[in-house]
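Data first, discussion second: the structure below is written as structure tokens.
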There are 2 protein chains.
Amino acid sequence: MLIGEFAKRVGVSTDTIRFYGKVGFFSSSRSENGYRHYTEKDIETADLIASGKSIGFSLREILAFSQEMADGVLDHARAQESLQSKINLIDERIASLKRVRKLAQQQLDYCRAVEAQELSV
Amino acid sequence: MLIGEFAKRVGVSTDTIRFYGKVGFFSSSRSENGYRHYTEKDIETADLIASGKSIGFSLREILAFSQEMADGVLDHARAQESLQSKINLIDERIASLKRVRKLAQQQLDYCRAVEAQELSV
DNA sequence: GTAAACCTTGGAGTACGCTCCAAGGTCCAG
DNA sequence: CTGGACCTTGGAGCGTACTCCAAGGTTTAC
Ligand SMILES: [Zn+2]
Ligand SMILES: [Zn+2]
Ligand SMILES: [Zn+2]
Ligand SMILES: [Zn+2]
């Protein structure tokens, strides 16, 4: 499919798609008139970009990750090491999020308690 | 304490501290010669910035959050609503992280399986 | 054959979060 | 009173991730 349809399907602008292409994502095949072509696999890549971005990875990190997902070319030891370190990073982020969540929850509880006290006085 | 000592204690550059100050963080008290002063409370703020950043919040989001943490001035209903929405956002991020973690884990398992098969052939 | 709806490139501009000057004031030790 | 280690401001520059625009080629539809 062409860039307009592709962009609509993945929910971003055509400019953004071209930008991702420059970074190194997608199959980069063109028809004779120069128009970019996108496949279902590119849709999966776009979904991975969305996921990665939503959890705070940079486009370059996501690119490296998606290349490890492709595997086959890379040697297994390297790919496994990289995937494992990515998993460790994710675990750290989850732990961080939980810490901040706890902080927010405590503050929320505190705020409610103060409010209740104010109302009872 | 002065900016140099403060920056060292929180582990960032003095430029970064001044930048955070411009954004709106810290107590912004100065001595007569114009030097910035920082307190233990500012250390806590800096820690909050570090946590917030590590989990993908922007400085403005962290600023809003830290102001809600201060509370007292704001009305309770508003503060509670905002804290709750922040907790919901954190929960979404945790869910996203877990999804990507699962993807990575599957790929890792797959990579190991392929490697094992290659060795046995 | 021309209008509309596509596509192309390049380059400029934006917001964020720094980072690095330059030029100069302040403070303290010897 | 001079050197060195602080501090100040302002402004430039940078990497990331877009976003917008101008100028122009292609395709399809009437
Ligand atoms: Zn195609
Ligand atoms: Zn409250
Ligand atoms: Zn002080
Ligand atoms: Zn493998």
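Below, chains carry the letters A, B, ... as their sequence lines are ordered, and counting in each starts from 1.
- As rounded to whole Å, 17 Å separates atom P of dC27(C) from atom CD of Glu5(B).
- Between Phe26(A) and Phe6(A), the ring planes lie perpendicular to each other; the angle is over 60°, past the 30° to 60° tilted range.
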Short heteroatom pairs, N/O only, protein and nucleotides 24-28 of chain D, under 3.5 Å:
{"from": "dG25(D)", "atom 1": "N2", "to": "Tyr35(A)", "atom 2": "OH", "distance (Å)": "2.6"}
{"from": "dT26(D)", "atom 1": "O4'", "to": "Tyr35(A)", "atom 2": "OH", "distance (Å)": "3.2"}
{"from": "dT26(D)", "atom 1": "O3'", "to": "Asn33(A)", "atom 2": "ND2", "distance (Å)": "3.4"}
{"from": "dT27(D)", "atom 1": "OP1", "to": "Asn33(A)", "atom 2": "ND2", "distance (Å)": "2.9"}

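- Put simply, the side chain of Ser58(A) gets close to the backbone of Glu61(A): a donor and an acceptor are under 3.5 Å apart.
- For Ile49(A) and dT16(D), the CD1 to C1' distance is 14 Å, given to the nearest whole Å.
- One can place NE2 of His37(B) at 13 Å from C1' of dC6(D), the figure rounded to the nearest angstrom.
- Taking atom CG of residue Leu63(A) and atom P of nucleotide dA17(D), one finds them 11 Å apart after rounding to whole Å.
- For Lys86(B) and Phe57(B), the positive end sits near the middle of the six-membered ring, less than 6.0 Å away and at most 45° from its axis.
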Worked verdict on Val10(B) versus Ile17(B) for side-chain contact (heavy atoms from CB on, under 4.5 Å): CA-CA 9 Å; Val10(B) 302; Ile17(B) 295 298; 3.9 Å; yes
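- Ranked by how close their nearest DNA chain D nucleotide is to the 5' end, Ser58(A) and Gly34(B) are led by Gly34(B).
- Considering only side-chain N and O atoms, Arg36(B) lies under 4.0 angstrom from the phosphate OP1 or OP2 of dT8(D).
- In terms of heavy-atom proximity, Ala104(B) sits nearest to Leu83(A) at O-CD2, 4.2 Å.
- Note: CD1 (Ile62(B)) to P (dC18(C)) measures 9 Å, nearest angstrom.
- Between the side chain of Thr16(A) and the main chain of Val12(A), no donor-acceptor pair closer than 3.5 Å is present.
- In summary, the side chains of Gln105(B) and Asp109(B) do present a donor paired with an acceptor at a separation below 3.5 Å, with no hydrogens or angles considered.
- Residue Gln117(B) places its CD atom among 12 or fewer non-hydrogen atoms of other residues, nucleotides or ligands, all under 6.0 Å distant.
- When every heavy atom of Arg9(A) is checked against every heavy atom of Met1(A), the shortest pair comes out as NH1-CE, 3.9 Å.
- Not one side-chain nitrogen or oxygen of Arg60(A) sits closer than 4.0 Å to the OP1 or OP2 atom of dG15(D).
- Of the residues in residues 13-27 of chain B, those lying under 4.0 Å from DNA chain C by heavy-atom distance are Asp15(B), Thr16(B), Phe19(B), Tyr20(B).
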